Amino acid sequence: MNIEKHISSCAHEALRSLYGDVAAEAVQVQKTRKEFDGDYTLVVFPFLKQSRKSPELTAEEVGRKICEMCPEVESFNVVKGFLNMSLATSFWRELFCGLVLDGGFGFGHKGEDRVMVEYSSPNTNKPLHLGHVRNNLLGYSVSRILEAAGGNVFKVNLVNDRGVHICKSMLAWQLFSDGETPQSSGMKGDHLVGKYYVAFDAEYKKQVKELTSGGMSEEEAKKEAPVMKQAQEMLRRWEAKDPEVYALWERMNGWVYEGFDKTYADMGVSFDKIYYESQTYLLGKELVEEGLAKGVFYRRDDNSVWIDLTSDGLDEKLLLRGDGTSVYMTQDMGTALSRHDEFGFDKMIYVVGNEQNYHFQVLKLILKKLGYDWADNIYHLSYGMVELPNGKMKSREGTVVDADDLIAEMVSTAYDMSKQMGKLDGYSDDEAMEIARKVGMGALKYFILKVDPKKTMLFNPQESIDFNGNTGPFIQYTYARIRSVLRKAEGMGIEVPAGVDGSFVPAPKEVELIKLINDFENVVRDAAAAMSPSVVAAYCYDLAKEFNQYYHDFSFIREDDPAVRASRLAIASFTSVVLDRALSLLGIEVPERM
RNA sequence: GGUCUCUUAGCUCAGCUGGAUAGAGCAUCAGAUUUCUAAUCUGACGGUCGCAGGUUCGAAUCCUGCAGAGAUCACCA
């Protein structure tokens, strides 16, 4: 339940009975800060004009009234203009019982709100890198969060599988590969294709250099380089569905998809539908006609079509080339429309890097101008770039952090560290690898998701990923520890009850845990509203930290009093359930031991 | 140049719709294990919340200006 809201409306009632008309917005109830006594705090400054008393006297007066009117509020104290209220321990006990009974926090029920989330959206000419990792983890986590908050979520991926950049890899493979395949080389398909993309670039540079040393300007050389002309010719043949080119394209993309599937599986992300740009790139042309008919767009002498957005503080934007072919914006408009027709979304979320902020601003605006009001339901979940200690990732300088390498590195580090600490003693290789996989991926996912999506984040391969402190493994460890206690209890024949009985008087630390557990529902709602997994990450950390303190100060199976022991085990058990649920929203798995 | 975003401890980050003495982790230093997992816990050290104004009883938070960093303004996607 939302206790703040409840206390807030109690306070509102009390204020009204004292001072008459009081605006609900003026009533602000917040959690009492740890350094003060109390559970919830009412700020009384806004009511001084009506009370005509000092802040302290006003708070006293309101406090007495609330105690009188609201049975949950047991006592209060006043510090300056702050009224700190304490709730009865029986209230917390009953709250915990209610949570256990409810049990699910509404999980597992698909809501009414139809939400489409597009993320990942890779190019098929090279393997995924660190930037994609942030995108994928964010997209997946946000989907989970929205689902938990009651959305009917549909995850989609729009694969950029066509274009001259794809042809570059294909051409280089034809020229230099001697027929190399993933099978013949043992190389992962996406990496193999990426290798030829790099090979193209090398050859291209070589040719440009030759041409410029022959006296040609660099600009011209870039256009005239034979491999570039060949790549463009190949794109034309692809568009004409030339059987030979098409077959090669399908074959090489197939290799890439096999590779991507592996990376996606490793990251634990999935999609409900995959769109291919080769099937959608012609969409949107009828919208251009529509825009022209409505006078929203205009045609220039060279037959190209534009929209003038200067009155909205933006620029003029091209929508159709002079030769009648469409551009990125046109495709995206068409894709959005067809998705809306097909899926009927209440919300469409694009998880795309912040370098495309302008694109999405324009996309929404154009759709609005065409009269599609649902454009208001389009959200660009814009996330910041991942930077390395020496700046941005640059493929030319070989500073790109490859996703597969990173994953392998994380898991092997987790393995080595676990081994060193003797955590893997007595486990089979498979069990040990499974623990290392969960912990290593947990570290990576938490590290990336704990940062506010919109912020540029720094990734230091040597130092950034930690397993202590505010990290994924810290939270996983808390979970594993609880599970260990519960296993031992079971082994000793001690029953772990789901809830607590009427004799249970929660200690202050237990009240803190109950409060936090109760907060989970609000946290999910807030995270969904902000589309920010970092809210959930912070919650996981708070809960784990709180529990670790509890664990340190209290006994569980060592406790002699059976009733007390049972209550503690119940709290521990339920904490593990919430930790599991919360981490699952980040796509992080929990190990039963580590 | 226009538009947008970011700037909080040595480092990486929290601080949401304005509220009390700005919080964590890492790093540094000092402690805690006969006892349920020490990947833990306790403490110390560390701040001109980029700068300057403004609104307010009250500003890291809202507004304006300035500085620094980044993105974008393609007949690329």
Side-chain angles (χ1 to χ4, degrees), chain A residues 25 28 30 32-36 41 43 45-46 48-49 55 79-82 84 121 123 160 162-165 277 281 302 304-306 310 312-323 325-329 331-332 353-359 361-362 382 384-385 387 392 414 417-418 421-423 439 443 447 450-452 454-460 463-464 466-471 473-478 480-489 492 526-527 529-530 532 534-535 537-538 541-542 544-545 548-549 551-559 568-569 572 593-594:
Chain A
E25 303 81 59
Q28 26 174 330
Q30 56 199 254
T32 302
R33 294 177 61 136
K34 290 223 162 155
E35 58 266 39
F36 300 101
T41 295
V43 184
F45 290 109
L48 299 184
K49 274 179 190 158
V79 180
K80 292 191 270 183
F82 299 91
N84 303 320
S121 309
N123 291 346
N160 183 354
R162 62 165 285 282
V164 74
H165 51 295
E277 206 188 286
Y281 80 109
D302 65 356
S304 58
V305 177
W306 297 73
T310 49
D312 295 282
L314 304 173
D315 302 282
E316 290 181 290
K317 185 80 192 170
L318 176 83
L319 297 170
L320 209 58
R321 297 187 184 102
D323 64 6
T325 58
S326 59
V327 293
Y328 179 42
M329 182 60 73
Q331 296 169 34
D332 251 14
N354 62 11
E355 76 269 12
Q356 292 197 35
N357 286 353
Y358 181 74
H359 172 78
Q361 197 185 350
V362 172
S382 159
M385 298 293 104
E387 289 187 354
K392 298 176 68 174
M417 199 175 279
S418 303
M421 289 191 287
K423 300 277 185 184
V439 172
F447 180 78
K450 76 173 177 183
V451 181
D452 185 330
K454 73 178 177 213
K455 288 193 177 168
T456 302
M457 65 175 289
L458 185 83
F459 182 87
N460 185 330
E463 297 168 16
S464 286
D466 210 330
F467 292 76
N468 303 318
N470 186 359
T471 66
F474 171 93
I475 301 159
Q476 290 171 315
Y477 179 69
T478 308
R481 246 177 168 188
I482 296 174
R483 300 297 294 168
S484 173
V485 170
L486 297 176
R487 269 196 307 276
K488 288 216 162 116
M492 293 164 67
D526 290 350
S532 176
S534 68
V535 174
Y541 179 63
D542 285 344
K545 195 178 157 90
N548 281 334
Q549 292 166 356
Y551 180 91
H552 185 264
D553 295 340
F554 290 78
S555 306
F556 296 86
I557 52 183
R558 285 196 312 251
E559 169 62 42
R568 288 181 187 168
L569 286 169
R593 50 193 101 203
M594 64 185 273

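From a predicted model like this one, the values you see are computed outputs, not experimental measurements. Because only heavy atoms are used, hydrogens play no part in the values below, and waters and symmetry mates are left out as well, while side chains stay in. Lettering follows sequence order; numbering is per chain, from 1.
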Partner of B:C57 under the Watson-Crick or G-U wobble criteria, both distances under 3.5 Å, comes out as B:G19
Can you measure A:Y281 atom OH to B:C75 atom P for me and round it to whole angstrom units? 20 Å
Pairwise C1' distance, B:C29 and B:G46 [rounded to whole Å]: 12 Å
Counter-base of B:C36, judged by Watson-Crick or G-U geometry with both distances under 3.5 Å: none
A:L458 atom CG is separated from B:C11 atom C1', nearest whole Å, by 9 Å
Position toward the 5' end of RNA chain B (nearest nucleotide), A:Q331 or A:D315: A:D315
Hey, what are the protein-to-nucleotides 7-10 of chain B N/O distances that come in under 3.5 Å?
from: B:U7; atom 1: OP1; to: A:K455; atom 2: NZ; distance (Å): 3.2

Contacts of A:A480 and A:S534 projected onto RNA chain B by closest heavy atom; the upstream (5') one is A:S534
To the side chain of A:T32, which of B:G25, B:A39, B:A20 is closest? B:A20
Would you state whether a donor and an acceptor, one from the side chain of A:N548 and one from the base of B:A38, lie under 3.5 Å apart? no
Choosing from B:G25, B:A20, B:C13, which nucleotide comes nearest the side chain of A:Y541? B:G25
Pairing nucleotide - B:C66, Watson-Crick or G-U, each distance under 3.5 Å: B:G50
Could you list the protein-to-nucleotides 57-62 of chain B atom pairs, N/O on both sides, closer than 3.5 Å?
none

Is the aromatic ring of A:F36 within stacking range of B:A20, meaning centres under 5.5 angstrom and planes under 30 degrees? yes
Strictly by Watson-Crick or wobble contacts shorter than 3.5 Å, is anything paired with B:C29, and which nucleotide is it? B:G43
Choose from B:A39, B:U37, B:A77 the nucleotide whose nearest atom is closest to any side-chain atom of A:F467. B:A39
Please classify the nucleic acid contact of A:R593 as base, sugar-phosphate, or nothing, using heavy-atom distances under 4.0 Å. base
Kindly write out the residues that satisfy side-chain hydrogen bond (donor to acceptor under 3.5 Å, both in side chains) with A:K34, not counting sequence neighbours, or none if the list is empty. A:E546
Using centres under 5.5 Å plus planes under 30 degrees as the test, is A:Y358 stacked with B:A71? no
Identity of whatever pairs with B:G1 - Watson-Crick or G-U, under 3.5 angstrom: B:C73
A:Y541 to A:I475 - nearest heavy-atom pair and separation: N-CD1, 3.9 Å
Measuring from the side chain of A:R481 (C-beta onward, heavy atoms only), which nucleotide among B:C75, B:A20, B:U40 has the closest atom? B:U40
Polar side-chain contact A:S418-B:A39 base: donor and acceptor under 3.5 Å: yes
When rounded to whole Å, the CD1 to P distance for the pair A:I475 and B:A24 reads 16 Å
Sticking with atom C1', work out how far B:C57 lies from B:C16, rounded to a whole angstrom. 23 Å
